[in-house]
2 protein chains.
Amino acid sequence: METKPVFLTAYANAHQVAKATPFAEAENLHSLFAKQPLEQLGAGQSLFFEGDEAKHVFEIVEGTFRLFRILGDGRRVITGFLYAGDIVGISMKDCYLYSVEAIASAKIRRLSRRAFQCAVAESEILSALVFEHLCDEMASAQDQMVLLSCKSAEERLCTFLLRHMNRTKADGAGRFVIEIPMPRQDMADYLGLTIETVSRTITKLIGKGVLTVVDPAARHFIKVDKPAALAQLAGDGDECIDMRRDHAVSGGRRRH
Amino acid sequence: METKPVFLTAYANAHQVAKATPFAEAENLHSLFAKQPLEQLGAGQSLFFEGDEAKHVFEIVEGTFRLFRILGDGRRVITGFLYAGDIVGISMKDCYLYSVEAIASAKIRRLSRRAFQCAVAESEILSALVFEHLCDEMASAQDQMVLLSCKSAEERLCTFLLRHMNRTKADGAGRFVIEIPMPRQDMADYLGLTIETVSRTITKLIGKGVLTVVDPAARHFIKVDKPAALAQLAGDGDECIDMRRDHAVSGGRRRH
DNA sequence: CGCGCGGTTGACGGTTATCAATTAGTGTGG
DNA sequence: CCACACTAATTGATAACCGTCAACCGCGCG
């Protein structure tokens, strides 16, 4: 995550491009949006729908969004969430691959795809950042596939909470209060579970002393009392660097 | 899939780059590899391992490969397969995200990452192709997440077979003989199932008259007797274009 | 107050994982 | 040539996990 953008920049100096657009001196993707008007959205409002022509790129200024697809029979799959600072709409060709909705009220800025492409094409730095962005997206898609492919309900939930924990600062005692801005149904559709299983699994984790719901009225804030236990239960125990090269010897399959 | 590369090309003419490298006139990613020596690999041989420094980009000339990650306790997740003509190693930052192994004997060509980057940075056409490649990878990762998130064993298997069918030509009678080059265990690890469930589900589909195993000795060739039924059972019934915009009204969840 | 919504809890059953045995194909060596 | 071992795949019995259906709780709001 802290790696320098190496790709497409290695030969940046080979390009001597006339920099004429308003974005020419932009050094990161966010600065592209700086002059765009702020747009306010209400809860449940959509940025775009799956299959729509991909006309804009969006920067999330405030709030949380869900990315999802609907199957023929009504099943919904949430493929990701967006938080303040995220950018969406880059990794598209002609059409959006998924729909995006604000979970609660939110603020965004938008750029036409054309303007975005223009700015990126003129800057080696931005090209590299776009490439990096795509790689990050791929990496988290991979992680999600691992989660969905072979983790139990408890492992899925712990992984989910852990990801949120890592976006949060600890308090003095090394404990965390994490905000879960989305409703249970969204968590379920994201983790490939039902709302009931999510609820029950949270209850079980509370029973184990790993979690506390801060305020029964506001269930969107959860305190992590045992971060280490949470990481343990998440299942990807340091990914087992040593055995990757000779997994054949262990030979075992273990559960789905 | 038949869309023109729009991204990073829109302003291609703004760049007047001195094209001096051997790759300067390359018009597609494969031509980059044309002059590289052909390498032969045996069954089970690795191209690289998850976590290795990403030093090369590979073109698959012949054979099939599995992309996978190993979890701490030995569970294996196959995140994808590679077939002749595919390219792997682009969507990486410093390190490979997964390991890649030849399923049977195979042939590849490789390019150093540096050379690849160099060539791509000098050509607008190649840049656009790389971007397109990444978008395709994202799209199939999304599809896989949908599959793993909410499809039953039968739907998963039918989806898998359907994907292979679409890479194959029909015979005169509109039927298909598809080759499944990987063993059952690989299918299982890819579909988030066990080998037993894969086997049982195939048997069930044969019972329904949808499939025939061409030769009990060579189980890697499967005849699709009812392609329409297979598509039906795969579950993503034309993705329900109409209801995407108003899924709220249907209100229903349906099974995981 | 009654209603609706989001969330929790309980009972039950189905799908699929797990454990175990069997078959068939393949290669090896005497 | 056949016995043997070994692997890939299938089949069967059983049980666990989690989905389904249903009831219930607490809260906010008209």
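To find a chain, count down the sequence lines: A is the first, B the second, and so on, and within it residues start at 1. Note that the coordinates shown come from a computational prediction; the quantities given were computed from them, not determined experimentally.
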Quiz prompt | Under 4.0 Å protein heavy-atom contacts per nucleotide of nucleotides 5-13 of chain D, with B for base, S for backbone only and - for none | solution = ----SBBBB
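- Between the CZ atom of B/Arg156 and the C1' atom of C/dT15 there is a distance of 11 Å, given to the nearest Å.
- Atom C1' of nucleotide C/dG7 and atom CD1 of A/Ile180 are separated by 15 Å, given to the nearest angstrom.
- Straight-line distance from the NZ atom of A/Lys204 to the C1' atom of C/dT8: 15 Å, rounded to whole Å.
- Applying the side-chain hydrogen bond (donor to acceptor under 3.5 Å, both in side chains) rule to A/Glu154 yields the partners A/Lys208; only residues at least two apart in sequence or on another chain are considered.
- In this entry the distance linking CG of A/Leu193 with C1' of D/dT20 reads 14 Å, nearest Å.
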Any protein N or O atoms within reach of nucleotides 14-16 of chain D? Criterion: under 3.5 Å, listing atom names and distances.
none

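- In terms of the side-chain hydrogen bond (donor to acceptor under 3.5 Å, both in side chains) criterion, residue partners of A/His30 (sequence neighbours excluded) are, by chain and number, A/Glu59.
- For A/Arg184, there are no side-chain hydrogen bond (donor to acceptor under 3.5 Å, both in side chains) partners, not counting sequence neighbours.
- Atom CD in B/Glu154 sits roughly 14 Å away from atom C1' in C/dG14 (whole-Å rounding).
- B/Glu50 and B/Ser99 are not linked by any side-chain donor-acceptor pair at a separation below 3.5 angstrom, with hydrogens and angles left out of the test.
- For the ring-ring contact (aromatic ring centres under 6.0 Å, His included) test, no residue two or more places apart in sequence or in another chain qualifies with B/Phe65.
- Spacing between atom CG of B/Leu157 and atom P of C/dT15 amounts to 16 Å, rounded to whole angstrom units.
- Qualifying side-chain hydrogen bond (donor to acceptor under 3.5 Å, both in side chains) partners for B/Thr197, counting only residues two or more places apart in sequence or in other chains: B/Thr194.
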Mind listing the side-chain donor-acceptor pairs of residues 165-182 of chain B below 3.5 Å, one per line with the distance, residues two or more places apart or on another chain?
from     : atom 1 : to       : atom 2 : distance (Å)
B/Asn166 : ND2    : B/Leu162 : O      : 3.3
B/Thr168 : OG1    : B/His164 : O      : 2.8
B/Asp171 : OD1    : B/Ala173 : N      : 3.2
B/Asp171 : OD1    : B/Gly174 : N      : 3.2
B/Asp171 : OD1    : B/Arg175 : N      : 2.7

Identify every side-chain donor-acceptor pair in residues 222-230 of chain B under 3.5 Å, counting partners at least two apart or on other chains, and give the distances.
from     : atom 1 : to       : atom 2 : distance (Å)
B/Lys223 : NZ     : B/Asp225 : OD1    : 2.8
B/Asp225 : OD2    : B/Thr212 : OG1    : 2.3

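- Taking the ring centroids of B/Phe81 and B/Tyr190, they lie under the 6.0 Å cut-off.
- One atom, CG of B/Asp189, and another, C1' of C/dA17, lie 13 Å apart when rounded to the nearest Å.
- Following rounding to the nearest Å, B/Glu155 (CD) and C/dT16 (C1') show an atom-to-atom distance of 14 Å.
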